[in-house]
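All residue numbers in this chain count up from 1 along the given sequence.
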Amino acid sequence: MFLTRAGGRGIIFLHYAAQTANEVNAMQPEEIREQELPERPKYKKRLEKAINEARYVEATWLCHALMNQRVNRLIEGYLSACPKKPRFSPSEAPLATRIACVQGLIEADYGALAQYDPTLLAQVKQWCDQRAQLVHDLTRLDRYEGIDDVIEGMARNGFELCKRLGNENKKVREWMREAEQLPAFPQGCGCEAKQRCIKV
């Protein structure tokens, strides 16, 4: 994947090769998750460093990767209770579909998600839509006026959203560690998918 870094008057295309590791079961103790997923704190620190060093385009890519990972973490926590048929394709459902899945369970007061911030995922989806538009704008020279400020604003906003996602997800993991079993899926959660969002 190629990463774009905006700075001053120029746009420099850098070769970017950050790869997200597979997540482990959300029911496992925190120390086991940290041991099996050392990349997680590494990329959190990398994002913070990119913000502090004004590498805002790299920060937006890292934000998107962390948002994608953290939405999957939520889904992995309750995937075994999902009544949809298993997903055999290694490709995931679009992020918007996965966010809608979690939002439906939040609205249905499902398990730990009953206490999840109901506005957060809508803001994440909006941020992702804005990022997609930004990527499109970077292919148009007539859109470059003021684009450095736009990228900085997106990076800083995405950084805050990632922190909020991490805090909300931590509450869910703590609830799941204490739960003896996952509750049954609510009827009419609003999901129209024919199969599960992700393959685990």
Side-chain angles (χ1 to χ4, degrees), residues 1-26 28-77 92 94-96 98-99 102 116-117 119-140 143-174 198:
M1 172 169 36
F2 284 89
L3 177 71
T4 312
R5 182 176 63 189
R9 299 179 181 177
I11 300 291
I12 304 172
F13 288 88
L14 302 174
H15 203 64
Y16 181 65
Q19 182 176 5
T20 304
N22 291 331
E23 293 289 344
V24 295
N25 193 301
Q28 291 181 305
E30 181 71 23
E31 61 270 20
I32 295 179
R33 285 199 303 275
E34 292 290 353
Q35 182 180 12
E36 295 187 9
L37 192 63
E39 292 86 353
R40 186 172 63 182
K42 180 176 75 174
Y43 286 117
K44 286 166 59 178
K45 292 178 181 177
R46 181 168 178 169
L47 172 56
E48 185 173 356
K49 183 177 180 181
I51 292 289
N52 291 337
E53 296 180 357
R55 292 185 281 111
Y56 297 123
V57 178
E58 180 180 4
T60 60
W61 258 252
L62 284 166
C63 285
H64 189 268
L66 285 169
M67 290 173 183
N68 186 72
Q69 176 218 44
R70 287 173 178 176
V71 170
N72 279 3
R73 287 285 286 163
L74 284 173
I75 295 173
E76 288 170 4
E92 303 168 335
L95 182 57
R98 285 175 275 145
I99 287 176
V102 181
Y116 204 89
D117 182 348
T119 68
L120 178 54
L121 290 178
Q123 292 175 39
V124 169
K125 183 179 182 303
Q126 182 182 39
W127 186 93
C128 292
D129 291 343
Q130 292 171 344
R131 174 188 171 275
Q133 181 61 49
L134 173 63
V135 171
H136 176 73
D137 288 347
L138 286 171
T139 67
R140 298 273 305 273
R143 302 287 179 86
Y144 271 41
E145 184 69 30
I147 204 164
D148 290 334
D149 292 337
V150 173
I151 294 173
E152 179 181 353
M154 285 211 62
R156 292 188 179 280
N157 186 30
F159 182 49
E160 293 303 317
L161 288 173
C162 284
K163 289 194 292 185
R164 289 174 60 193
L165 273 171
N167 291 335
E168 290 294 312
N169 284 16
K170 183 177 180 180
K171 297 175 187 177
V172 173
R173 292 197 302 270
E174 289 172 350
I198 61 175

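With sequence neighbours left out, the salt bridge (Lys or Arg N to Asp or Glu O under 4.0 Å) criterion links Glu160 to Lys163. Residues forming a side chain to side chain contact (heavy atoms under 4.5 Å, CB included) with Gln126 (at least two apart in sequence, or on another chain): Gln130. Applying the side chain to side chain contact (heavy atoms under 4.5 Å, CB included) test to Glu145 and every residue at least two apart in sequence or in another chain returns nothing. Remark: Asp137 pairs with Arg143 by the salt bridge (Lys or Arg N to Asp or Glu O under 4.0 Å) rule, at least two apart or across chains. Every residue meeting the side chain to side chain contact (heavy atoms under 4.5 Å, CB included) condition with Asn68, not counting sequence neighbours, appears here in chain and number order: Asn72, Glu92, Leu95, Arg98. Judged as a side chain to side chain contact (heavy atoms under 4.5 Å, CB included), and not counting sequence neighbours, the contacts of Thr119 are Asp117, Gln123, Arg164.
Atom CD1 of Ile147 is separated from atom OH of Tyr56 by 15.5 Å, given to the nearest 0.5 angstrom. From Ile198, atom CD1 reaches atom CZ of Arg73 across 10.0 Å, with rounding to the nearest 0.5 Å. Ile151 contributes atom CD1, which lies 7.0 Å from atom OG1 of Thr60 (distance to the nearest 0.5 angstrom). Rounding to the nearest 0.5 Å places CG of Leu134 at 10.5 Å from OG1 of Thr139. Expressed to the nearest 0.5 Å, how far CG of Leu74 lies from CD1 of Ile99 amounts to 10.0 Å. Rounded to the nearest 0.5 angstrom, Gln69 CD and Asn169 CG are separated by 9.0 Å.
Considering only heavy atoms from C-beta on, Leu66 stays 4.5 Å or farther from Phe159 through its side chain. At least one side-chain heavy atom of Leu121 sits less than 4.5 Å from a side-chain heavy atom of Tyr116. Side-chain contact between Glu152 and Arg156 is present, with at least one heavy-atom pair separated by less than 4.5 Å.
Here the closest heavy-atom approach between residue Met154 and residue Trp127 is recorded as O-NE1, 2.8 Å. Taking every heavy atom of both residues into account, Leu47 and Ala59 meet most closely at CD1-O, 3.5 Å. When all heavy atoms are compared, the tightest approach of Ala96 to Lys125 is CB-CE, 3.8 Å. Nearest heavy-atom pair, Leu62 versus Tyr43, reported as atom, atom and distance to 0.1 Å: CD2-CD2, 4.0 Å.
Contact check on Glu168 versus Arg70 returns no salt bridge, with no Lys/Arg side-chain nitrogen under 4.0 Å from an Asp/Glu carboxylate oxygen.
Although no hydrogens or angles enter the test, the distance criterion places a donor-acceptor pair under 3.5 Å between the side chain of Asn52 and the main chain of Glu48.
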_Walk me through whether Trp61 and His64 qualify under side-chain contact (heavy atoms from CB on, under 4.5 Å)._
CA-CA 5 Å; Trp61 258 252; His64 189 268; 5.9 Å; no
